[in-house]
Amino acid sequence: MSGAGAGWSRGDRALAAGKLMLAWVALLWLLEVVDVLSGHALDGLGVTPRTPSELVDVVPSAFIHFGFAHLAANTVPLLVLGFLAALAGLRRFLLVCALIVIADGLGVWLIAPAHTNTAGASGLIFGLFGFLLVSGFVERRPLGVLVGILIAAVWGGSILAGLAPTQTGISWQGHLLGLLAGVAAAFVFRRPAASRALTS
């Protein structure tokens, strides 16, 4: 980690990562409560493809869900994968998330089927999975490689299932684009060798 967090201990980094992800998930649940109380007014913040006015919803769509069951399904993987990704530094983590959310949202806007409305954190989840899966190999960090192997063992089957185009009501396009954006983020935000030595 660099910058203000350069002197942080592993415990400090873990605490900061945990607080960030708990706050993130709490925000998602709060938004879903507001959505329900407003008669699902926030569902309109999903992305409808190839409609120019929908470009403003590219980022908000990652924070909106179609019901509590949808949100509940995303909560645990977002908490765990987000926490693991944030351990290496909050600033880098937020940049990685920004790249994934924007690339995924724009991709959905471009290629999703017409007359659909796509929202939810699953694109980000697939992106964080891709980021964690390859970043250890990209940076040649043994601990990062181990993390990638472990998350592949735990969530690999679910990720593959989420990429299947045969599922109805599931944006496999958003999942695939999020995964690719996460892999790209591992290269774009690859840490310099000196920084990697501090956090391996």
Practice problem: Could you go through the side-chain contact (heavy atoms from CB on, under 4.5 Å) check for L106 and L177 one step at a time? | Solution: CA-CA 9 Å; L106 288 174; L177 291 164; over 6 Å; no
Exercise. Any side-chain hydrogen bond (donor to acceptor under 3.5 Å, both in side chains) involving residues 92-115? Give me the pairs, sequence neighbours left out, ordered by first then second residue.
Key: R92-E139
Quiz item: Is there a path from I102 to L95 through hydrophobic residues (I, L, V, M, F, W, Y) whose side chains come within less than 4.5 Å of each other?
Solution: yes
Quiz prompt | Over all atoms of both residues, closest heavy-atom pair of H70 and G120 | solution = CE1-CA, 3.9 Å
Quiz prompt | L133 and V183: CA distance, side-chain angles, deciding distance, side-chain contact (heavy atoms from CB on, under 4.5 Å) verdict | solution = CA-CA 8 Å; L133 187 67; V183 171; over 6 Å; no
Self-check item: Least distance between heavy atoms, V96 atom then A185 atom
Solution: CG1-CB, 4.0 Å
Exercise. First locate atom CG of L124, then atom NE2 of H175, and finally report the distance between them rounded to the nearest 0.5 Å.
Key: 11.5 Å
Quiz prompt | Same apolar cluster: L81 and V145, side chain cutoff 4.5 Å | solution = no
Counting only pairs under 3.5 Å, give me each side-chain donor-acceptor contact of residues 148-172, with atom names and distances, residues two or more places apart or in other chains.
unit_1 : atom_1 : unit_2 : atom_2 : d
Q167   : NE2    : A161   : O      : 2.3
S171   : OG     : G174   : N      : 3.0

Which pairs of donor and acceptor atoms, one on a side chain in residues 58-65, lie under 3.5 Å apart (sequence neighbours left out)?
unit_1 : atom_1 : unit_2 : atom_2 : d
S61    : OG     : D57    : O      : 3.2
S61    : OG     : V58    : O      : 2.9
H65    : NE2    : N74    : ND2    : 3.1
H65    : NE2    : A121   : N      : 3.1

Quiz item: Roughly how far apart are F129 CZ and I100 CD1, rounded to 0.5 Å?
Solution: 12.5 Å
Quiz item: Between S9 and D12, is there a donor-acceptor pair closer than 3.5 Å when you use the side chain of the first and the backbone of the second?
Solution: yes
Quiz prompt | Within-4.5 Å side-chain heavy-atom neighbours: T116 and P49 | solution = yes
Quiz item: Would you find a donor on one side and an acceptor on the other, under 3.5 Å apart, between the side chain of N117 and the backbone of T48?
Solution: no
Quiz item: Is there a side-chain contact (heavy atoms from CB on, under 4.5 Å) between V80 and V76 once you walk through the steps?
Solution: CA-CA 6 Å; V80 176; V76 172; 4.2 Å; yes
Practice problem: Using a 4.5 Å cut-off on heavy atoms from C-beta on, say whether the side chain of L180 contacts that of L176. | Solution: yes
Self-check item: With V56 via side-chain contact (heavy atoms from CB on, under 4.5 Å) - residues at least two apart
Solution: none
Quiz item: If only atom types and distance count, is the side chain of R13 paired as donor or acceptor with the main-chain N or O of G89 below 3.5 Å?
Solution: no
For residues 17-33, which side-chain N or O atoms pair as donor and acceptor with protein atoms under 3.5 Å away, sequence neighbours left out?
unit_1 : atom_1 : unit_2 : atom_2 : d
W29    : NE1    : T75    : OG1    : 3.1
E32    : OE2    : G67    : N      : 3.2

Exercise. For residues S135 and R191, determine if any side-chain heavy atom of one lies less than 4.5 Å from a side-chain heavy atom of the other.
Key: no
Quiz prompt | In one Ile/Leu/Val/Met/Phe/Trp/Tyr side-chain cluster, 4.5 Å: L55, L110 | solution = yes
Quiz prompt | Hydrophobic cluster membership, L99 vs L84, 4.5 Å side-chain cutoff | solution = yes
Quiz item: Linking I/L/V/M/F/W/Y whenever any side-chain heavy atoms sit under 4.5 Å apart, do V34 and F66 land together?
Solution: no
Quiz prompt | ring pair (Phe, Tyr, Trp, His ring centres under 6.0 Å) involving F131 - partner list, sequence neighbours excluded | solution = none
Practice problem: May I ask you to test the L128-C97 pair for a side-chain heavy-atom distance under 4.5 Å? | Solution: yes
